[in-house]
Amino acid sequence: MGKVELRIENDQAWITLNRPEKRNAIDYEVIDLLNEKLDVIQTRSDAKIVIITGAGNDAFCSGGDLSVFHQIHTKTDAREMLLKMANVLYKLFFFPKPTVAYLNGTAVGGGCEIATACDLRIAEKNIKLGFIQGKLGITTGWGGSTYLMERLNNQEAIQLLMSANPFDANEGIKKGFIQNIYDRENFEQWITTFTRQPVGVLMAYKQRLLSQHDRPKLYKHVLEEIEDCSTLWETPEHHEAVQRFINK
Ligand SMILES: CC[C@@H](C(=O)O)C(=O)SCCNC(=O)CCNC(=O)[C@H](O)C(C)(C)COP(=O)(O)OP(=O)(O)OC[C@H]1O[C@@H](n2cnc3c(N)ncnc32)[C@H](O)[C@@H]1OP(=O)(O)O
């Protein structure tokens with residue numbers, strides 16, 4: 001089994017982040033694999049909808065792999081890593097087919113950024129969410145805050161980002177971040193309400209959704225976000241926070 005699995009079945013393309021022992025954290029190989037899987041799905045007429053989830057029962061995704069990314073010290077190197085993943089999430093945000101994050105467990109940091117880049121977010125109950133980057137002395141850097149401002153009203157978005165507080169699925173529903181709470185069986189039933197339509201219908205509605213967004217402006221904002229995050233990456237606050245996690 002690879003670090004990212006793709007299964008296309010019943011008109012559904014399931015991408016599973018497959019590093020349960022690291023709570024499905026994102027490293028360089030995962031970034032490349034995610035990019036490849038999206039390219040494959042784009043060419044497959046039997047894939048009507050994309051579902052991203054995590055392996056195991058604990059986590060959707062714990063964000064960047066701190067055991068790998070703690071080796072990044074300079075702004076230049078941080079920018080390079082952030083841009084690589086930001087480009088994948090930009091592809092995901094503007095993907096021509098509908099995308100759903102099925103949050104089977106904890107989603108923090110970059111895990112919430114991946115979920116935000118999807119059109120819809122469905123959560124299992126009792127999961128923990130959080131744009132916790134602030135607690136690490138950085139901001140989102142993969143486009144997450146840019147996309148969150150598109151998904152939620154700015155007042156809700158800024159509270160989630162600035163507080164860096166964890167929240168649960170019920171709070172997520174109230175804020176408009178989570179659309180439904182379903183266990184796996186109910187999720188699989190719900191997803192068929194989409195896949196029973198022809199792919200052309202789903203893609204046409206997706207285009208209507210995408211036409212709400214100003215593509216060049218969003219990319220500019222993503223680049224600004226990367227710049228801010230990579231500047232903060234160099235600060236002692238960030239390195240000390242990551243070191244505390246590594247040494248725990
Ligand atoms: C860098 C990009 C940036 C962005 O642009 O957004 C970010 O993503 S910043 C956010 C980075 N992520 C984090 O700070 C989360 C760190 N992890 C946790 O807080 C917790 O692990 C958890 C996700 C809340 C889950 O807690 P729990 O279920 O209690 O599991 P453990 O803490 O015991 O972890 C099990 C195992 O997994 C390893 N792990 C977890 N997350 C990461 C990670 N992000 N990177 C690397 N490794 C991770 C953890 O170290 C444990 O390993 P072992 O001790 O070897 O079992």
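Order of listing sets the numbers, starting from 1, for every ligand and every atom in it.
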For atom 55 (O) of ligand 1, is some protein heavy-atom partner under 4.0 Å away? no
Heteroatom distance test (K128, ligand 1): nitrogen or oxygen, under 3.5 angstrom: no
Can you tell whether the side chains of K37 and E5 come within less than 4.0 Å, N to carboxylate O? no
Shortest reach to atom 44 (N) of ligand 1 by a heavy atom, considering only G63, G105, G64: G64
Contact region, D58 to ligand 1, non-hydrogen atoms below 4.0 Å, reads neither
Are more than 12 heavy atoms from other residues, nucleotides or ligands located less than 6.0 Å from atom OH of Y28? yes
When you check the gap from the basic side-chain N to the acidic O, do E80 and K84 get nearer than 4.0 Å? no
What are the atoms of ligand 1, with element, lying closer than 4.0 Å to any heavy atom of G110? 6 (O), 7 (C), 8 (O)
Using heavy atoms and a 4.0 Å limit, tell me yes or no: is M85 in contact with ligand 1? no
Residues in side chain to side chain contact (heavy atoms under 4.5 Å, CB included) with S62, at least two apart? R23, A25, V108
Sole candidate of L38, N87, L34, N35 that passes side-chain contact (heavy atoms from CB on, under 4.5 Å) when paired with L92: L38
Listed partners of F95 passing ring-ring contact (aromatic ring centres under 6.0 Å, His included), at least two apart: none
Is the shortest distance from atom 46 (C) of ligand 1 to a protein heavy atom below 4.0 Å? yes
Could you find the nearest protein heavy atom to atom 22 (C) of ligand 1 and give me its residue, atom name and distance? T106 CG2, 4.6 Å
Decide side-chain hydrogen bond (donor to acceptor under 3.5 Å, both in side chains) for K75 and T231; before the verdict, give the C-alpha distance in whole Å, the side-chain angles of both, and the deciding distance to 0.1 Å. CA-CA 6 Å; K75 177 173 176 171; T231 299; 3.0 Å; yes
For atom 20 (C) of ligand 1, what's the nearest protein heavy atom and its distance? F245 CE1, 4.3 Å
With a cut-off of 6.0 Å (strictly less than), are more than 12 heavy atoms of other residues, nucleotides or ligands near CD of E185? no
W233 contact mode with ligand 1 (heavy-atom cut-off under 4.0 Å): side chain
Please say whether Q133 places an N or O atom under 3.5 Å from an N or O atom belonging to ligand 1. yes
Checking ring-ring contact (aromatic ring centres under 6.0 Å, His included) between H213 and each of Y147, Y219, F93, which is the one that passes? F93
Residue, atom and distance of the protein heavy atom nearest atom 3 (C) of ligand 1 read I138 CD1, 4.2 Å
Compare G56, S62, A107 and give the one whose heavy atom is closest to atom 42 (C) of ligand 1. S62
Would a 4.0 Å cut-off, counted as strictly less than, catch a protein heavy atom around atom 50 (O) of ligand 1? yes
May I ask you to decide whether K22 forms a salt bridge with D27, counting only side-chain N to carboxylate O separations under 4.0 Å? no
Take atom 5 (O) of ligand 1 and look for protein heavy atoms under 4.0 Å from it; say yes if you find one, no if not. yes
Which part of V68 is near ligand 1, with near meaning a heavy atom under 4.0 Å away: side chain, backbone, both or neither? neither
Close-contact set for ligand 1 against L136 heavy atoms, below 4.0 Å: 9 (S), 10 (C), 11 (C), 14 (O)
By number and element, which atoms of ligand 1 are closer than 4.0 Å to a non-hydrogen atom of K248? 32 (O), 49 (C), 50 (O)
Quick test of your reading of the structure: of E21, K22, H70, R23, whose heavy atom lies closest to atom 31 (P) of ligand 1? R23
Heavy atom to atom 2 (C) of ligand 1, shortest distance: which of F69, F131, W142 holds it? W142
